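Reading through the structure tokens given below for one structure.
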Amino acid sequence: MQSISLAQVEHLLKEKSFDVDIEKFIEFLKLVKYKWIYPDAVQRFLQTDIVKVYELLDFLMDNGYVEQSLEIYCPNCNRYVGQHYKTIFELPEVVNCPHCDYEIMEVAQNAIIIYRVIKDV
């Protein structure tokens, strides 16, 4: 990720004064390689409350750095199926897991919010 944008993000986050270690969050952002940010991974890295993580990520979304996406999680094998959707209305009624071939019937109940980097940070 580009260091200029990281400096901008760091400045914005410090101005807002979130109750998390911003330096450590920036360190996490430097590790993001594939444009996808999983809130639970951020939570584990920062060792903080998930609500605070969503506040950080929503702030980045409001400032045009990331956008929300939905990803389906297989309740049978506990893996992501690899399909991303912009809204809940785009979710199919049924999804087959490519890992275990489980037919996921409650797709919306197995969708999680993740964030896609849209501006290099």
Side-chain angles (χ1 to χ4, degrees):
M1 302 210 153
Q2 296 179 349
S3 60
I4 293 171
S5 293
L6 275 173
Q8 292 170 349
V9 167
E10 184 174 7
H11 180 72
L12 282 173
L13 293 173
K14 285 183 177 178
E15 272 186 1
K16 181 80 171 162
S17 68
F18 287 94
D19 187 24
V20 296
D21 184 344
I22 298 302
E23 302 291 332
K24 196 165 184 176
F25 181 61
I26 295 299
E27 187 181 322
F28 177 86
L29 291 178
K30 289 178 183 177
L31 299 173
V32 174
K33 295 181 182 186
Y34 299 107
K35 302 273 185 195
W36 296 104
I37 300 174
Y38 290 81
D40 59 334
V42 177
Q43 178 190 25
R44 285 190 306 274
F45 191 84
L46 297 179
Q47 298 178 349
T48 191
D49 184 54
I50 192 71
V51 173
K52 293 177 184 178
V53 171
Y54 278 106
E55 287 173 358
L56 282 172
L57 294 170
D58 284 345
F59 181 76
L60 290 182
M61 183 179 67
D62 291 343
N63 284 278
Y65 288 94
V66 298
E67 67 182 6
Q68 284 185 344
S69 188
L70 296 168
E71 187 168 16
I72 311 302
Y73 188 77
C74 177
N76 187 57
C77 71
N78 300 319
R79 295 173 73 183
Y80 295 105
V81 300
Q83 297 167 330
H84 302 98
Y85 304 91
K86 287 191 178 204
T87 70
I88 197 163
F89 302 109
E90 293 178 3
L91 295 175
E93 291 185 28
V94 177
V95 172
N96 284 344
C97 177
H99 309 290
C100 69
D101 206 32
Y102 182 78
E103 189 173 59
I104 304 167
M105 302 296 285
E106 298 88 21
V107 176
Q109 292 175 359
N110 291 289
I112 64 156
I113 296 172
I114 61 172
Y115 294 80
R116 184 175 73 85
V117 176
I118 56 175
K119 183 194 272 187
D120 279 335
V121 293

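Each residue takes its place number in the sequence, starting with 1. This one's a predicted model, so the numbers in the text were calculated from it and none came from an experiment.
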Quiz item: For atom NE2 of H99, is the number of surrounding heavy atoms from other residues, nucleotides or ligands below 6.0 Å larger than 12?
Solution: yes
Exercise. State the OG1-CG distance between T87 and L70, to the nearest 0.5 angstrom.
Key: 7.5 Å
Quiz item: Quick one: are L91 and I72 in side-chain contact, heavy atoms under 4.5 Å?
Solution: yes
Quiz item: How about C74 and N110: do any of their side-chain heavy atoms sit closer than 4.5 Å?
Solution: no
Quiz prompt | Min side-chain heavy-atom separation Y54-F59 under 4.5 Å | solution = no
Practice problem: Grab the two heavy atoms, one from Q43 and one from D49, that are nearest each other, plus how far apart they are. | Solution: NE2-C, 4.3 Å
Practice problem: Assess whether atom CD of E90 is packed by more than 12 heavy atoms of other residues, nucleotides or ligands within 6.0 Å. | Solution: yes
Exercise. Please tell me if the side chains of P39 and I113 come closer than 4.5 Å, counting only heavy atoms from C-beta onward.
Key: no
Quiz item: How long is the span from the CD atom in Q8 to the CG atom in L6, to the nearest 0.5 Å?
Solution: 9.5 Å
Quiz prompt | Side chain K24, main chain F45, donor-acceptor under 3.5 Å | solution = yes
Quiz item: Between Y115 and S69, is any pair of side-chain heavy atoms under 4.5 Å apart?
Solution: no
Quiz item: Quick one: does I26's side chain get under 4.5 Å of K30's, heavy atoms only?
Solution: yes
Quiz item: Honestly curious: do F89 and V95 fall in one hydrophobic cluster under the side-chain, below-4.5 Å linking rule?
Solution: yes
Practice problem: Test R116 against every option in E67, Q68, E71, H84 by the side-chain hydrogen bond (donor to acceptor under 3.5 Å, both in side chains) rule and name the one that passes. | Solution: E67
Self-check item: Partner of I37 under side chain to side chain contact (heavy atoms under 4.5 Å, CB included), chosen from I114, V53, L60, V42
Solution: V42
Quiz item: Is any side-chain heavy atom of E93 less than 4.5 Å from a side-chain heavy atom of V107?
Solution: no
Practice problem: Taking all heavy atoms of V117 and all of V66, pick out the closest pair and write down the distance. | Solution: CA-CG1, 4.0 Å
Exercise. Mind listing the closest non-hydrogen atom pair of P75 and I104 along with its distance?
Key: CD-CG1, 4.0 Å
Practice problem: Could you check if a side-chain atom of I112 sits within less than 4.5 angstrom of a side-chain atom of Y80, using non-hydrogen atoms only? | Solution: yes
Self-check item: Nearest-0.5 Å distance that lies between atom CD in E27 and atom CG in L46
Solution: 9.5 Å
Quiz item: For the ring pair F25 and F18, is the centre-to-centre distance below 6.0 Å?
Solution: no
Quiz item: If two hydrophobic side chains count as joined below 4.5 Å and joins carry through other members, does I88 share a cluster with Y73?
Solution: no
Quiz item: According to a 4.5 Å side-chain heavy-atom criterion applied to Ile, Leu, Val, Met, Phe, Trp and Tyr, with indirect links allowed, do Y102 and V81 form part of one hydrophobic cluster?
Solution: yes
Practice problem: To the nearest 0.5 Å, tell me how far E55 CD sits from D62 CG. | Solution: 11.5 Å
Quiz item: Would a hydrophobic clustering, with Ile, Leu, Val, Met, Phe, Trp and Tyr connected at side-chain separations under 4.5 Å, put W36 with L56?
Solution: no
Quiz prompt | Common cluster, L31/Y65, ILVMFWY with side-chain heavy-atom separation under 4.5 Å | solution = yes
Exercise. Verify the neighbour count for atom CD of Q47: are there more than 12 heavy atoms of other residues, nucleotides or ligands below 6.0 Å?
Key: no
Quiz item: Just wondering, more than 12 heavy atoms not from K16 lying within 6.0 Å of its NZ?
Solution: no
